[in-house]
Amino acid sequence: MLRLTIVYDNEAKTGFTGSWGFAALLETEEETLLFDTGWDGGLLLENLKKLEIDPTNIRKLVLSHQHWDHIGGVPEVLRASPGLTVYAPTSFSKNIKAEIAKRASLIEISESQEIIPGVRSTGELGDKIKEQSLILDSGKGLYVLTGCAHPGLSAIMDSALSFGKVKGIIGGLHDSKEFERLEGLELVAAGHCTTHKEEIKKLFQAEYVEIGAGLRLELE
Ligand SMILES: [Zn+2]
Ligand SMILES: [Zn+2]
């Protein structure tokens with residue numbers, strides 16, 4: 001089982017509130033993992049409650065990059081999910097890393113590594129804004145989960161492709177115009193900071209899924 005739920009996004013499904021930022025919850029047979037936190041931790045916890053997700057079941061938190069709209073909710077999540085292991089890019093500032101390490105087990109990510117069975121970090125990619133994405137293995141193919149995709153689609157897709165066939169991508173695609181890197185995917189779910197959403201939607205009509213807080217996807 002690989003179930004992905006968007007728990008924070010600029011857009012929202014009926015009954016949820018949209019707010020600038022991104023967070024997704026990943027449930028496998030063994031683990032519940034949170035990817036990013038949005039900026040408003042209170043709103044994130046409200047969304048989890050509406051989805052009947054108990055934050056104390058979240059054992060791992062992966063942070064894509066050090067931008068306010070992805071890590072603003074970290075203090076609330078650390079309070080609501082005690083005993084968390086947090087996976088943050090090594091490039092995070094010393095002070096943030098020290099604060100996280102006071103309240104959780106901090107694992108710094110530089111190179112690609114497995115987080116839990118079936119879930120791997122690309123490692124921190126990019127030059128100016130360093131960011132990690134996740135590579136999710138459904139057993140039938142790989143899915144890429146991005147925060148903002150600042151390192152660019154090519155760098156992220158190349159990293160994922162070195163581990164196998166990529167079936168889909170979910171998350172913020174920032175201002176990428178490397179649309180050709182989306183060709184052949186079965187799922188294109190662009191959200192959050194994606195600048196060229198309309199263009200992507202037009203190009204990949206059959207594969208496109210609208211992201212919003214409250215969206216649940218069973219990845220196969
Ligand atoms: Zn962002
Ligand atoms: Zn960003």
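What's counted below: heavy atoms across the whole structure, side chains too, no hydrogens, waters or symmetry copies. Start at 1 and go down the list; that is how both ligands and their atoms are numbered.
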Phe35 vs Phe22 aromatic rings, parallel, tilted or perpendicular, using cut-offs 30° and 60°? perpendicular

Run the side-chain donor-acceptor check on residues 46-53: report pairs under 3.5 Å with partners two or more places apart or on a different chain.
residue: Asn47; atom: ND2; partner: Val7; partner atom: O; Å: 2.8
residue: Lys50; atom: NZ; partner: Gly15; partner atom: O; Å: 2.9

Enumerate the residue pairs fulfilling ring-ring contact (aromatic ring centres under 6.0 Å, His included) with a member in residues 162-185, sequence neighbours excluded, ordered by first and then second residue. His150-His174

For the rings on His67 and Trp39, is their centre-to-centre separation under 6.0 Å? no

Looking only at heavy atoms, which two atoms of Arg103 and Pro75 are closest? And how far apart? NH1-CB, 4.4 Å

Contacts under 3.5 angstrom, residues 211-220 side chains, donor-acceptor by atom type, not counting sequence neighbours:
residue: Arg216; atom: NE; partner: Thr5; partner atom: OG1; Å: 3.1

So which protein N/O/S atoms does the Zn ion (ligand 1) have within less than 2.8 Å? Asp69 OD2, His70 NE2, Cys148 SG, His192 NE2

